[in-house]
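Working notes for the structure below.
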Amino acid sequence: EAGVVQSPRYKIIEKKQPVAFWCNPISGHNTLYWYLQNLGQGPELLIRYENEEAVDDSQLPKDRFSAERLKGVDSTLKIQPAELGDSAVYLCASSQDSVSEAFFGQGTRLTVV
Amino acid sequence: QKEVEQNSGPLSVPEGAIASLNCTYSDRGSQSFFWYRQYSGKSPELIMFIYSNGDKEDGRFTAQLNKASQYVSLLIRDSQPSDSATYLCAPVGGYQKVTFGTGTKLQVIP
């Protein structure tokens, strides 16, 4: 069974530029999470989807971040414009439902210069 | 108050010793508790799952849960250098989301 797939693995951009990350969850998983992880810290939830509905986006900086999950499957996370402080690893995870274990993708390491 | 509190460590133990990792949480609605292991540069992976009070054992790992005290721990017996990683506690709270602590970095010294 394929795991959670994220792309790209690495991205380097200049500040003020836009960037987008893509996530393909495990087939059949209804819940999808986007987390941000800074070095030495645990993953911080940005947004959680139940199917195509964003049910928890309280931690998403909505002035520059946006996300979508079309048809309740793949998801994209966008930052526009990127700031230096956005440099981090962006993790996508999926689970069968919101109380089951989350399976993580390999993450996208973003560097903003 | 953070939802999940963990000592960031590093916690250093000699090979063969017992490593004890602790986590407290604030949401009394938490129903399930996960322990994830994260190697440096890798993504978190689940190693233990507990949802009832008491102990749950899986090989060298034992998870302990005390809902009254809002405390969950992970014991690793016969610690190996390959256990060196960051261990993340993740309660699933009343809002039904997996929330992570900062993690405890474990170093097993050969």
Side-chain angles (χ1 to χ4, degrees), chain A residues 1-10 21 23-26 29-51 53-60 88-111, chain B residues 2-11 21-27 29-52 56 58 61 63 72 74 85-107:
Chain A
E1 178 182 297
V4 178
V5 179
Q6 289 187 248
S7 68
R9 289 290 313 280
Y10 304 93
F21 313 127
C23 174
N24 178 240
I26 292 173
H29 280 194
N30 297 319
T31 304
L32 184 145
Y33 303 87
W34 282 102
Y35 291 94
L36 176 155
Q37 187 171 29
N38 288 303
L39 188 64
Q41 301 293 314
E44 301 173 27
L45 181 67
L46 290 173
I47 190 168
R48 172 170 65 97
Y49 282 93
E50 295 296 339
N51 299 303
E53 183 181 0
V55 297
D56 186 351
D57 62 356
S58 57
Q59 302 300 315
L60 190 72
V89 175
Y90 291 82
L91 294 165
C92 179
S94 71
S95 60
Q96 285 188 321
D97 52 53
S98 57
V99 296
S100 299
E101 69 168 295
F103 293 84
F104 284 84
Q106 293 180 299
T108 297
R109 182 176 297 276
L110 174 66
T111 302
Chain B
K2 292 184 177 179
E3 292 186 47
V4 185
E5 299 275 1
Q6 289 185 261
N7 187 324
S8 61
L11 172 66
L21 306 163
N22 305 312
C23 171
T24 57
Y25 59 95
S26 61
D27 185 354
S30 295
Q31 303 159 19
S32 308
F33 301 85
F34 304 109
W35 279 101
Y36 282 79
R37 176 177 62 199
Q38 187 173 26
Y39 291 113
S40 180
K42 302 295 185 182
S43 294
E45 58 178 345
L46 184 75
I47 56 171
M48 285 291 285
F49 164 59
I50 186 167
Y51 60 91
S52 60
K56 179 180 179 180
D58 184 1
F61 298 90
V72 59
L74 180 70
T86 296
Y87 289 82
L88 298 159
C89 167
V92 180
Y95 292 102
Q96 295 188 328
K97 60 182 179 181
V98 180
T99 305
F100 290 88
T102 56
T104 299
K105 185 175 183 178
L106 173 66
Q107 294 177 340

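Below, chains carry the letters A, B, ... as their sequence lines are ordered, and counting in each starts from 1.
- Ranked by non-hydrogen atom pairs under 4.5 Å with chain B, the options A:Gly40, A:Ser98, A:Gly107 are led by A:Ser98.
- Rounded to the nearest 0.5 angstrom, A:Glu101 CD and B:Ile47 CD1 are separated by 11.5 Å.
- For B:Ser32, the part lying near chain A is the side chain, with the backbone staying farther off; criterion is any non-hydrogen pair under 4.5 Å.
- With sequence neighbours left out, the ring-ring contact (aromatic ring centres under 6.0 Å, His included) criterion links B:Phe100 to A:Tyr35, A:Phe104, B:Tyr36.
- The choice from A:Ser100, A:Ala93, A:Ser95 that makes the most heavy-atom pairs within less than 4.5 Å of chain B is A:Ser100.
- Heavy atoms only, all atoms of each residue included: B:Val98 and A:Tyr33 are closest at CG2-OH, 3.4 Å.
- Of the two parts of B:Phe34, only the side chain, counted from C-beta on, holds a non-hydrogen atom closer than 4.5 Å to a non-hydrogen atom of chain A.
- With a threshold of 4.5 angstrom between heavy atoms, A:Glu44 does not approach chain B through any atom at all.
- Contacts from residues 38-46 of chain B to chain A, taken as heavy-atom pairs separated by less than 4.5 Å, involve B:Gln38, B:Ser43, B:Pro44, B:Leu46 in sequence order.
- Chain A forms the most heavy-atom pairs under 4.5 Å with one residue out of B:Lys105, B:Lys97, B:Gln6, and that residue is B:Lys97.
- A:Pro43 and B:Leu88 get closest at one heavy-atom pair: CD-CD1, 3.9 Å.
- Note on A:Asp97, A:Leu45, A:Thr31, A:Asp56: by heavy-atom pairs under 4.5 Å with chain B, the leading option is A:Asp56.
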